[in-house]
**Student:** 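Pasting a structure below so you can have a look.
Heads up: numbering here begins at 1 and tracks the sequence.
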Amino acid sequence: MRLRRLSPALASLFILLAAWLPLLPLVGMGWTPAALVCMQGGLALLISRWFGLPGWWQAINALFFPLAWLARQTDIQPLWYLAGFAILALTSLGSLKTRVPLYLSSRRAAEEVAARAPAGARVLDLGCGLGGWLADLKAQRPDLGLAGVEMAPLNWLVSRVRLHGRANVHLGDLWDQNLSGYDVVYAYLSPAPMAELWRKVEREMRPGSLFVSNSFAVPGHVPDETVELHDLSQARLLIWRR
Ligand SMILES: C[S@@+](CC[C@H](N)C(=O)[O-])C[C@H]1O[C@@H](n2cnc3c(N)ncnc32)[C@H](O)[C@@H]1O
């Protein structure tokens with residue numbers, strides 16, 4: 001069951017292809033394309049459920065080819081598809097490897113960190129996305145020295161333009177970033193990197209500094225403080241004092 005150990009995105013790639021295999025003998029036997037894509041969608045749904053993929057991945061796999069077929073029936077210029085793919089690739093392709101997609105912190109997440117950061121503190125957002133969290137923080141605490149690192153080129157560009165003169169935003173990998181120069185390190189990533197990130201925090205962060213994870217726990221390490229944000233995604237901040 002190696003497939004079960006893959007990320008849902010990679011597993012879905014195999015599932016979408018595998019769901020075509022039993023249907024191949026039907027091609028050319030008078031079945032309409034609409035019927036074939038619907039059967040493929042049904043099979044993809046069954047296989048996704050069998051592998052225990054989360055509900056929204058099951059829906060994506062069930063609808064992928066039926067929607068692609070529907071889109072083919074319209075007059076949409078192919079360049080729009082290329083543009084859509086380019087935007088996806090520039091914002092999210094790396095998440096196939098990092099297992100950290102793009103989603104954004106709420107303003108409440110910045111408010112709670114603003115209330116705790118010491119005067120003049122240096123703050124780093126690991127994977128700063130579109131720069132929203134840093135922008136919110138700067139609006140509330142202009143005294144803080146802000147930095148962000150982001151590996152997706154389009155996200156980085158948006159952050160950089162948006163935060164020009166207010167934060168240093170680097171294009172790069174968070175694993176290459178030394179955390180020792182920061183008083184507060186903020187991460188809103190995913191469960192996948194948390195154990196390894198904690199080892200980096202322990203190695204590099206100085207005594208007295210704060211490590212803040214939005215929503216994702218560190219296996220085996222209870223935070224010193226947990227703050228419910230009561231925002232749209234019902235997120236919470238997990239805060240460790242080093
Ligand atoms: C969930 S988003 C959080 C965005 C922002 N920090 C916020 O809270 O609104 C995670 C971001 O981390 C970036 N990312 C994931 N792995 C990374 C890595 N190894 N190095 C740099 N950025 C990374 C992703 O591209 C994505 O933009």
Side-chain angles (χ1 to χ4, degrees), residues 1-29 31-74 76-104 126-130 149-158 171-176 187-197 214-217 219 233:
M1 285 297 159
R2 284 170 180 276
L3 206 54
R4 284 181 195 271
R5 293 206 292 267
L6 293 180
S7 72
L10 274 182
S12 295
L13 207 59
F14 289 111
I15 289 169
L16 284 171
L17 295 176
W20 278 116
L21 293 180
L23 302 175
L24 289 180
L26 303 183
V27 176
M29 290 184 63
W31 292 85
T32 62
L36 286 173
V37 290
C38 286
M39 285 192 274
Q40 191 275 348
L43 279 177
L45 176 63
L46 287 179
I47 304 174
S48 304
R49 289 180 72 87
W50 189 53
F51 276 104
L53 289 190
W56 58 288
W57 277 105
Q58 294 178 22
I60 289 172
N61 292 342
L63 294 176
F64 186 88
F65 275 104
L67 287 181
W69 177 79
L70 266 183
R72 287 271 297 156
Q73 310 310 304
T74 66
I76 300 171
Q77 290 293 314
L79 271 181
W80 285 109
Y81 293 110
L82 187 62
F85 175 76
I87 290 175
L88 260 184
L90 289 170
T91 57
S92 302
L93 201 61
S95 65
L96 282 180
K97 182 171 159 240
T98 62
R99 301 181 65 185
V100 179
L102 174 66
Y103 31 74
L104 309 176
L126 291 173
C128 62
L130 305 179
V149 57
E150 172 58 51
M151 75 171 352
L154 192 57
N155 302 351
W156 165 78
L157 189 64
V158 172
L171 178 64
D173 193 334
L174 67 86
W175 302 108
D176 298 332
Y188 188 20
L189 298 170
S190 80
M194 292 313 291
E196 192 181 344
L197 183 57
N214 189 330
S215 299
F216 301 112
S233 51

**Student:** Which residues pass the side chain to side chain contact (heavy atoms under 4.5 Å, CB included) test with Leu130, sequence neighbours left out?
**Tutor:** Leu102, Leu104, Asn155, Val158, Arg162

**Student:** Which residues pass the side-chain hydrogen bond (donor to acceptor under 3.5 Å, both in side chains) test with Ser12, sequence neighbours left out?
**Tutor:** Asn61

**Student:** Assess whether side chain to side chain contact (heavy atoms under 4.5 Å, CB included) is satisfied between Trp50 and Leu46, documenting all intermediate values.
**Tutor:** CA-CA 6 Å; Trp50 189 53; Leu46 287 179; over 6 Å; no

**Student:** Do Glu150 and Leu174 pass the side chain to side chain contact (heavy atoms under 4.5 Å, CB included) test, and can you show the C-alpha distance, the side-chain angles, and the key distance before you say yes or no?
**Tutor:** CA-CA 7 Å; Glu150 172 58 51; Leu174 67 86; over 6 Å; no

**Student:** For Leu70, which residues count as a side chain to side chain contact (heavy atoms under 4.5 Å, CB included) partner, sequence neighbours excluded?
**Tutor:** Leu67

**Student:** Sequence neighbours excluded, which residues qualify as side chain to side chain contact (heavy atoms under 4.5 Å, CB included) partners of Ala68?
**Tutor:** none

**Student:** Under the side chain to side chain donor-acceptor pair (under 3.5 Å) rule, what pairs show up with a residue in residues 18-29, not counting sequence neighbours?
**Tutor:** none

**Student:** Who passes ring pair (Phe, Tyr, Trp, His ring centres under 6.0 Å) against Phe64, sequence neighbours left out?
**Tutor:** none

**Student:** Quick one: are Ile60 and Trp56 in side-chain contact, heavy atoms under 4.5 Å?
**Tutor:** yes

**Student:** On a heavy-atom basis, which atom in Pro22 and which in Pro25 lie closest, and how many Å separate them?
**Tutor:** O-CD, 3.3 Å

**Student:** Could you pull out the closest heavy-atom pair between Pro193 and Val100, with the gap in Å?
**Tutor:** CG-CG2, 4.0 Å

**Student:** Considering only heavy atoms from C-beta outward, does the side chain of Leu126 approach that of Leu197 to under 4.5 Å?
**Tutor:** yes

**Student:** Leu16 and Ala44: which non-hydrogen atoms are nearest, and at how many Å?
**Tutor:** CD2-CB, 4.5 Å

**Student:** Could you list the residues that satisfy ring pair (Phe, Tyr, Trp, His ring centres under 6.0 Å) with Trp175, not counting sequence neighbours?
**Tutor:** none

**Student:** Which atom pair, heavy atoms only, marks the closest approach of Ala62 to Leu45?
**Tutor:** CB-CB, 3.9 Å

**Student:** Determine the minimum heavy-atom distance between Ala71 and Thr74, stating which atoms define it.
**Tutor:** O-OG1, 2.6 Å

**Student:** Which heavy-atom pair separates Ala192 from Thr98 by the least distance, and what is that distance?
**Tutor:** CB-O, 4.3 Å

**Student:** How would you list, by chain and number, every residue that makes a ring pair (Phe, Tyr, Trp, His ring centres under 6.0 Å) with Phe216, sequence neighbours excluded?
**Tutor:** none

**Student:** Please enumerate all residues that pass side chain to side chain contact (heavy atoms under 4.5 Å, CB included) together with Ala89, with sequence neighbours excluded.
**Tutor:** Phe85, Leu93

**Student:** Taking side chain as C-beta onward, heavy atoms only, is Ile15 less than 4.5 Å from Leu53?
**Tutor:** yes

**Student:** If you round to the nearest 0.5 Å, how far is CH2 of Trp156 from CG of Leu171?
**Tutor:** 5.5 Å

**Student:** Are the side chains of Tyr103 and Ser215 in touch, meaning some heavy atoms are under 4.5 Å apart?
**Tutor:** no

**Student:** Not counting sequence neighbours, list each pair that qualifies as a side chain to side chain donor-acceptor pair (under 3.5 Å) and has a residue in residues 34-46.
**Tutor:** none

**Student:** For Tyr81, what residues pass the ring pair (Phe, Tyr, Trp, His ring centres under 6.0 Å) criterion, not counting sequence neighbours?
**Tutor:** none

